[in-house]
Amino acid sequence: MLVYPSGIDLSSRTLQHLSGLLAGHRRRIGSRWRRLTCGRQALLVLAHLRCGDTYARLAAGFRIGIATAHRYIREAVDLLAALAPTLTQAMTTVRKKAYVILDGTVLPINRIAADRPYYSGKKKHHGVNVQVLADPAGRLIWASDALPGAVHDLTAARTHDIAAALAADDIKCWADKAYQGAGPAVRVPFRGKNPRGWRRRYNRDHAKIRSLGERAMATLKCWRLLQKLRCSTTRITAVVRAVVALELAT
């Protein structure tokens, strides 16, 4: 197999952060010799998450076995996922904001037609539903666990108790029409194709505020592994949480 050098559009600070986590983990478990140093393992993991490179390609590039690449990546992803904030922890950050923006996305996965729970009728492809909270500038604050793509955004928000958490701290939240009925804390636009008068102005102003939440979605999807997930559905939550932890740390 041919091997060529490539680049990753991440800062050295991200690499150093992950390398430090891996070094501390190796000391805790008493790990001795490894095929890759902490820095090289961190680079391997970032190439997988950011570029979406497969285990086979990474194994060839780093001159290790495919099983070793899989084990190194899983180890680092689990370490990072444990650092991602829960909704309760995220509320500490949210309380300092004037308001937050709630939105949901369906991350594509490689599933066959028979997997109906993961088929999103809205997006017309298989995926998982992930809810995201962003601050007024569109910066990522929190991402939920992954649910099957067939789950509606409103149902997902209720499953994760997002509206209840916001209401408990009297936090204002802006969301799209999919969250109609989520609760008093969640502000949504008026329904209907052609609202008139003040309702039309309200919807226009609401859209301007809510559109900034797309930045948080774009931040997630810059990690190209999330553009087409090929791992087991039981591992997707850990992958999403690992990406969130890296974004918040750097």
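What's counted below: heavy atoms across the whole structure, side chains too, no hydrogens, waters or symmetry copies.
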**Student:** Checking D170 now: which residues fulfil salt bridge (charged side-chain N to carboxylate O under 4.0 Å, His left out) with it, not counting sequence neighbours?
**Tutor:**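 Partners of D170 by the salt bridge (charged side-chain N to carboxylate O under 4.0 Å, His left out) criterion come out as none, since no residue qualifies.
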**Student:** Does a side-chain heavy-atom distance below 4.5 Å link L246 with W223?
**Tutor:**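 A side-chain contact under 4.5 Å exists here.
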**Student:** Kindly give the heavy-atom pair with the smallest separation between P117 and P148, and that separation in Å.
**Tutor:**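 Smallest heavy-atom distance, with atoms named: O-CB, 3.0 Å.
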**Student:** How far apart are the closest heavy atoms of A242 and V77, and which atoms are they?
**Tutor:**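 Looking at all heavy atoms of both residues, the closest pair is CB-O, 3.8 Å.
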**Student:** Decide whether I73 and L229 are clustered together by the hydrophobic rule: side chain heavy atoms of Ile, Leu, Val, Met, Phe, Trp, Tyr closer than 4.5 Å, transitively.
**Tutor:**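 Result: yes, single cluster for both.
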**Student:** If every non-hydrogen atom of C51 is compared with every non-hydrogen atom of G7, which pair is closest and at what distance?
**Tutor:**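 Nearest pair, atom of C51 first, then G7: SG-O, 4.3 Å.
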**Student:** What distance do L43 atom CG and L18 atom CG have between them, rounded to the nearest 0.5 Å?
**Tutor:**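 Result: 9.5 Å between the selected atoms.
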**Student:** Could you check R241 against D78 for salt bridge (Lys or Arg N to Asp or Glu O under 4.0 Å), going step by step and ending with a plain yes or no?
**Tutor:** CA-CA 9 Å; R241 289 176 63 83; D78 287 342; over 6 Å; no
**Student:** Taking only residues two or more places apart in sequence or in another chain, which ones pass side chain to side chain donor-acceptor pair (under 3.5 Å) with R200?
**Tutor:**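 Residues passing side chain to side chain donor-acceptor pair (under 3.5 Å) with R200: none at all.
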**Student:** Assigning hydrophobic clusters by single linkage (Ile, Leu, Val, Met, Phe, Trp, Tyr; side-chain heavy-atom cutoff under 4.5 Å), is I171 placed with I141?
**Tutor:**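 Yes, I171 and I141 fall within the same hydrophobic cluster.
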**Student:** Decide yes or no for L15 and L10: does some side-chain heavy atom of the first lie under 4.5 Å from some side-chain heavy atom of the second?
**Tutor:**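 No - every pair of side-chain heavy atoms lies 4.5 Å or more apart.
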**Student:** Mind checking what makes side-chain contact (heavy atoms from CB on, under 4.5 Å) contact with A47, not counting sequence neighbours?
**Tutor:**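 I8, D53, L58.
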**Student:** Say you draw a straight line from CG of L46 to OG of S19; how long is it, rounded to the nearest 0.5 Å?
**Tutor:**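 Answer for the CG-OG pair, L46 versus S19, is 8.0 Å.
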**Student:** Can you list everything that forms a salt bridge (charged side-chain N to carboxylate O under 4.0 Å, His left out) with D205? Sequence neighbours excluded, please.
**Tutor:**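 Once residues adjacent in sequence are excluded, D205 has no partner under the salt bridge (charged side-chain N to carboxylate O under 4.0 Å, His left out) criterion.
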**Student:** Using every non-hydrogen atom in the two residues, find where A134 and G213 come nearest and quote the distance to one decimal.
**Tutor:**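 It is CB-CA, 4.4 Å.
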**Student:** Taking R13 for its side chain and T250 for its backbone only, find out whether a donor-acceptor pair lies under 3.5 Å.
**Tutor:**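 It does hold such a pair.
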**Student:** Quick one: closest heavy-atom pair of R50 and D9, and the distance?
**Tutor:**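 Reported closest heavy-atom pair: NE-OD1, 3.0 Å.
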**Student:** Any side-chain heavy atom of L220 within less than 4.5 Å of one from V244?
**Tutor:**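 Yes - at least one pair of side-chain heavy atoms lies under 4.5 Å apart.
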**Student:** Counting distance only, does the side-chain N/O of H206 pair as donor-acceptor with the main-chain N or O of A175 below 3.5 Å?
**Tutor:**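 Looks like yes, one N/O pair under 3.5 Å.
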**Student:** Among all residues two or more places apart in sequence or in another chain, which pass the side chain to side chain donor-acceptor pair (under 3.5 Å) test with E75?
**Tutor:**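 Partners of E75 by the side chain to side chain donor-acceptor pair (under 3.5 Å) criterion, ordered by chain and then number, come out as H25, R34, Q41.
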**Student:** Taking all heavy atoms of H17 and all of A249, pick out the closest pair and write down the distance.
**Tutor:**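 Minimum heavy-atom separation between H17 and A249: NE2-CB, 3.4 Å.
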**Student:** Using modelled atom types and a 3.5 Å cut-off, is there a donor and acceptor pairing between side-chain atoms of N129 and backbone atoms of V151?
**Tutor:**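 Yes; judged by distance alone, with no hydrogens or angles, the pair exists.
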**Student:** Can you sort out the partners of R95 under salt bridge (charged side-chain N to carboxylate O under 4.0 Å, His left out), two or more places apart, ordered by chain and number?
**Tutor:**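 For R95, the residues satisfying salt bridge (charged side-chain N to carboxylate O under 4.0 Å, His left out) (neighbours in sequence not counted) are D169.
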**Student:** Quick one: list whatever passes side-chain contact (heavy atoms from CB on, under 4.5 Å) with N194, sequence neighbours left out.
**Tutor:**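 N194: no side-chain contact (heavy atoms from CB on, under 4.5 Å) contacts found.
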**Student:** Do H126 and T233 have side-chain heavy atoms sitting under 4.5 Å apart?
**Tutor:**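 A side-chain contact under 4.5 Å is absent here.
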**Student:** Determine, using the 4.5 Å side-chain heavy-atom cutoff (strictly less than), whether Y119 and L147 are members of one ILVMFWY cluster.
**Tutor:**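 In one cluster: no.
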**Student:** Stepwise, does the side chain to side chain contact (heavy atoms under 4.5 Å, CB included) test hold for L166 with K172?
**Tutor:** CA-CA 7 Å; L166 295 171; K172 298 176 183 177; over 6 Å; no
**Student:** Answer yes or no: is there a donor N or O on one side and an acceptor on the other, between the side chain of K221 and the main chain of A218, under 3.5 Å?
**Tutor:**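 The answer is no, because no donor-acceptor pair under 3.5 Å joins these two groups.
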**Student:** Just verifying a value: how many Å separate L36 CG and T68 OG1, rounded to the nearest 0.5 Å?
**Tutor:**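 Output value for this atom pair is 8.5 Å.
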**Student:** For the atom pair CZ (R27) and SG (C38), what is the distance rounded to the nearest 0.5 Å?
**Tutor:**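 Output value for this atom pair is 8.0 Å.
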**Student:** Sequence neighbours excluded and cut-off under 3.5 Å, please list the side-chain donor-acceptor pairs for residues 177-190, or say none.
**Tutor:**
unit_1, atom_1, unit_2, atom_2, d
Y179, OH, G104, N, 3.2
Y179, OH, Q131, OE1, 2.4

**Student:** One pair to check against side chain to side chain contact (heavy atoms under 4.5 Å, CB included): V240 and V128. What are the steps and the verdict?
**Tutor:** CA-CA 11 Å; V240 172; V128 291; over 6 Å; no
**Student:** R230: what forms a salt bridge (charged side-chain N to carboxylate O under 4.0 Å, His left out) with it, not counting sequence neighbours?
**Tutor:**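 None.
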**Student:** Is any side-chain heavy atom of R57 closer than 4.5 Å to a side-chain heavy atom of Y55?
**Tutor:**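 The answer is no, as the side chains (C-beta and beyond) never meet within the 4.5 Å cut-off.
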**Student:** Using modelled atom types and a 3.5 Å cut-off, is there a donor and acceptor pairing between side-chain atoms of S120 and backbone atoms of H125?
**Tutor:**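 The answer is no, because no donor-acceptor pair under 3.5 Å joins these two groups.
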**Student:** Group every Ile, Leu, Val, Met, Phe, Trp and Tyr by side-chain heavy-atom contacts under 4.5 Å, then state whether M217 and V130 land in the same group.
**Tutor:**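 The answer is yes; both residues are in one hydrophobic cluster.
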**Student:** Drop me the distance from D135's CG to I101's CD1, to the nearest 0.5 angstrom.
**Tutor:**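 Rounded to the nearest 0.5 Å, the CG-CD1 separation comes to 7.5 Å.
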**Student:** So if you build clusters from Ile, Leu, Val, Met, Phe, Trp, Tyr with side-chain heavy-atom gaps below 4.5 Å, do Y72 and L22 land together?
**Tutor:**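 Linked within one cluster.
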**Student:** For F62, check ring-ring contact (aromatic ring centres under 6.0 Å, His included) against everything at least two apart and list the hits.
**Tutor:**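 Partners of F62 under the ring-ring contact (aromatic ring centres under 6.0 Å, His included) test: none.
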**Student:** To the closest 0.5 Å, what do you measure between CG (D103) and SG (C173)?
**Tutor:**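 If we round to the nearest 0.5 Å, D103:CG and C173:SG are 9.5 Å apart.
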**Student:** Under the rule for side-chain contact (heavy atoms from CB on, under 4.5 Å), what residues qualify as partners of S12, not counting sequence neighbours?
**Tutor:**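 Partners of S12 by the side-chain contact (heavy atoms from CB on, under 4.5 Å) criterion, ordered by chain and then number, come out as Q16.
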**Student:** For residues 82-89, tabulate all N or O donor-acceptor pairs below 3.5 Å that involve a side-chain atom, not counting sequence neighbours.
**Tutor:**
unit_1, atom_1, unit_2, atom_2, d
T86, OG1, Q89, N, 3.3
Q89, OE1, T86, N, 2.9

**Student:** For the side chain of H160 and the backbone of I162, is there at least one donor-acceptor N/O pair under 3.5 Å apart?
**Tutor:**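 Not at all, since once roles are kept as given, no pair shorter than 3.5 Å links the two residues.
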**Student:** Do the non-hydrogen side-chain atoms of Y99 and I209 ever get within less than 4.5 Å of each other?
**Tutor:**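 The answer is yes; the side chains approach within 4.5 Å.
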